[in-house]
Amino acid sequence: MHNIKDIRNNFEDFKNSIKHRNIDINLNEIIELDKKNRNFIHDKEKLEMEKKSISKSKDESLFKKSKEISIQIEELSKKQKIIKDKLDNILSSIPNVPLNDVPLGKDENDNKEVVKVGKINKFSFKPKSHYELGEKLKMLDFDLASKTTGSRFVFVKDKLATLERAISNFMIDTHTKINGYTEISPPLMATDNTMFGTGQLPKFENDQFEIKFDDKNERKFLIPTAEVILTNMVKNQILNINSLPMRLVASTPCFRKEAGSYGKDTKGMIRQHQFYKVELVSIVENNKCLDELERMTNCATKILDDLKLPYRKIILSTGDMGFSAEKTYDIEVWLPSEEKYREISSCSSCGTFQATRMKARYKNKDNNTEFVGTLNGSGLAVGRTLIAILENYQTEDGSIIIPDVLKPYMGNIDKISIN
RNA sequence: GGAGAGAUGGCUGAGCGGUUGAAAGCACCGGUCUUGAAAACCGGCAAAGGGGCAACUCUUUCCUGGGUUCGAAUCCCAGUCUCUCCGCCA
């Protein structure tokens with residue numbers, strides 16, 4: 001969330017920086033509401049001061065007046081709250097401001113490639129898609145999933161289930177032992193306030209699965225990514241600077257409605273309602289976000305390097321970035337069946353945007369309170385890594401070679417073959 | 001599910017109707033001392049918001065929401081969460 005003070009003081013700058021983010025918000029209304037809000041506050045405080053002085057004086061002749069003032073204050077408060085709520089509603093729907101080095105653009109076509117890594121394997125035969133391979137192995141079962149659960153789910157069976165687990169464990173081990181992250185096994189549900197903190201609510205409620213709990217006021221949602229729950233670990237806190245940077249990693253299922261992507265990637269397990277993802281989150285001093293973004297992205301690409309999968313790194317344009325991000329690198333892995341790169345990780349710096357929403361702060365060197373910087377990135381999407389291994393490591397007879405680094409996690413077998 | 005106890009500043013923890021925004025300790029920051037550090041001593045140190053170029057000043061906040069009162073951290077009601085004991089189940 002943006003600080004209204006900053007908007008007020010640099011309104012033109014703010015308007016300019018936000019205009020490349022494809023939003024339709026009347027920014028002038030913000031200024032008006034802010035003005036009204038502050039007027040109400042001013043009037044209210046004047047009355048409160050009077051009331052306070054009466055009760056301090058203990059002068060009984062004024063007690064009646066004090067009572068009247070209370071009523072006036074209450075009325076003013078009501079009016080003020082309406083304006084403030086309206087203002088907050090608008091503010092909480094405005095996306096983060098992109099950093100200067102983010103390419104301007106409308107959508108994903110304006111993203112810029114940063115680097116290509118790895119050698120693309122030339123097959124002597126026509127490479128199959130992951131779902132053809134998986135179904136032939138009888139280890140990916142989409143029909144069974146649609147029978148029990150519906151579309152966009154899959155049963156992963158036998159050696160592929162082991163492989164999926166191996167991928168996840170390999171990633172976690174790399175991030176904890178080499179990259180300096182602390183492993184977390186978090187809840188998979190989050191309250192509405194937690195979802196607000198990272199920016200999933202209020203704007204993107206359509207893509208979240210809400211859980212029916214008790215019929216209380218509080219709402220709970222299945223997490224669409226571990227980012228939500230990991231980042232919110234510091235919400236409503238003032239951290240000691242010594243506890244920064246915090247680097248957290250978790251492997252969790254993620255749940256998404258994928259509303260608005262009907263007809264997209266309907267075949268296979270590219271786009272599912274439920275998938276495993278290893279997520280990296282960093283909480284840092286807010287001036288260290290950019291360095292940390294590079295570091296985090298390197299932690300993610302290290303996995304692909306180790307797995308010897310070809311990939312490229314791109315920087316997202318202003319129009320394609322997520323709501324809370326100020327700068328995002330996507331990492332895309334090569335899929336031979338599609339003959340193109342597909343997203344397997346997204347690493348974003350959110351600056352202080354999420355911290356403002358979460359009220360996550362720290363004491364800086366001068367003992368002043370500042371909002372922390374938050375970053376998140378996939379390291380990596382497990383399901384899509386499974387896909388990439390299936391497709392890039394396939395052989396003509398439909399067997400899958402196990403990448404060297406995963407062998408220890410697979411009982412040292414060399415390949416997965418049809419039974 | 002039954003019976004209790006509790007929720008106060010970054011943390012621990014006093015206060016239980018009126019200079020209490022809140023004792024004390026720890027942590028943190030600055031200083032003295034020291035070759036440097038530690039220890040010791042001295043000083044500072046809550047957050048959010050409003051006004052002001054600024055020094056500064058005002059308001060709000062002691063889990064949340066209501067209520068009583070001229071006045072609430074303190075009393076009453078409701079809710080949330082935490083802990084202990086018993087039961088039940090993994």
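Note on naming: letters A, B, ... go to the chains in the order of the sequence lines (proteins, then strands), and numbering restarts at 1 for each one.
Note that R357(A) lies in the cation-pi zone of F196(A), set by a 6.0 Å cut-off to the ring centre and a 45° limit from the axis.
Taking atom CD1 of I54(A) as the reference point, atom P of U59(B) lies 13 Å away to the nearest angstrom. K51(A) has its NZ atom 16 Å from the C1' atom of C58(B), to the nearest Å. Atom CG in L47(A) sits about 18 Å away from atom P in G50(B), given to the nearest Å. Between K84(A) atom NZ and U60(B) atom C1' the separation is 13 Å, expressed in whole Å. What separates NZ of K44(A) from P of U59(B) is a distance of 13 Å, to the nearest Å. Atom CD of E74(A) is separated from atom P of U60(B) by 15 Å (rounded to the nearest Å). For the pair E50(A) CD and U60(B) P, the interatomic distance rounds to 13 Å; values are reported in whole Å. Rounded to whole angstrom, the span from the NZ atom of K35(A) across to the C1' atom of G51(B) amounts to 13 Å.
Of the P atoms belonging to A55(B) and C45(B), the separation is 15 Å, rounded to the nearest Å. Going from the C1' atom of U32(B) to that of G50(B) covers 40 Å, rounded to whole Å. Look at the C1' atom in both U19(B) and C83(B): the space between them is 37 Å, to the nearest Å. Spacing of P atoms, U35(B) relative to A22(B), comes out at 41 Å, to the nearest Å. A27(B) and C53(B) have their P atoms separated by 41 Å, given to the nearest Å. Taking the C1' atoms as reference points, A72(B) lies 6 Å from G17(B), given to the whole Å. On the C1' atoms, C28(B) is 22 Å away from C62(B), given to the nearest whole Å. Taking atom P in both U84(B) and G79(B), one finds a spacing of 23 Å when rounded to whole Å.
Looking at heavy-atom distances under 4.0 Å, K52(A) makes contact with sugar-phosphate atoms alone, never a base.
Defined by atom type and a distance below 3.5 Å, a donor-acceptor pair is missing between the side-chain atoms of T198(A) and Q354(A). Residues T231(A) and T374(A) bring no donor and acceptor atom of their side chains to less than 3.5 Å of each other. A donor-acceptor pair shorter than 3.5 Å can be found between the side chains of E391(A) and S337(A).
Residue pairs meeting the salt bridge (charged side-chain N to carboxylate O under 4.0 Å, His left out) criterion with at least one partner in residues 274-283 of chain A, sequence neighbours excluded, are K277(A)-E279(A).
Applying the side chain to side chain contact (heavy atoms under 4.5 Å, CB included) criterion to I315(A), with sequence neighbours excluded, gives P103(A), K112(A), V114(A), K327(A), Y329(A). Legend: residues meeting side chain to side chain donor-acceptor pair (under 3.5 Å) with E29(A), ordered by chain and number and at least two apart, are absent. With sequence neighbours excluded, the residues that form a salt bridge (charged side-chain N to carboxylate O under 4.0 Å, His left out) with E50(A) are K65(A). Taking K363(A) as the reference, nothing meets the salt bridge (charged side-chain N to carboxylate O under 4.0 Å, His left out) condition, with sequence neighbours excluded. Partners of S346(A) according to the side chain to side chain donor-acceptor pair (under 3.5 Å) rule, which considers only residues two or more places apart in sequence or in another chain, are D330(A). Residues that satisfy the side chain to side chain donor-acceptor pair (under 3.5 Å) test with N367(A), not counting sequence neighbours, are absent from this structure. Under the side chain to side chain donor-acceptor pair (under 3.5 Å) criterion, D110(A) pairs with no residue, sequence neighbours left out. K128(A) pairs by the salt bridge (charged side-chain N to carboxylate O under 4.0 Å, His left out) definition with nothing, not counting sequence neighbours.
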Practice task
Determine, for nucleotides 42-49 of chain B in 5'-to-3' order, which nucleotides have protein heavy atoms under 4.0 Å from the base (write B), from only the sugar-phosphate (write S), or from neither (write -).
Solution key: --B-SS-B

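For the pair N364(A) and H42(A), both in contact range of RNA chain B, the more 5′-proximal nearest nucleotide belongs to N364(A). Comparing K46(A) and K56(A) against RNA chain B, the residue whose closest nucleotide sits nearer the 5' end is K56(A).
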Practice task
Using Watson-Crick or G-U wobble pairs with both distances under 3.5 Å, give me RNA chain B in dot-bracket, 5' to 3', with [ ] for crossers and | for pairs to another strand.
Solution key: ((((((((.[[[..)..(.....]]].(((((.......))))).((((((....)))))).[[[[[..)....]]]]])))))))....

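For the segment residues 62-69 of chain A, residues with any heavy atom less than 4.0 angstrom from an atom of RNA chain B are, sorted by number, F63(A), S66(A), K67(A).
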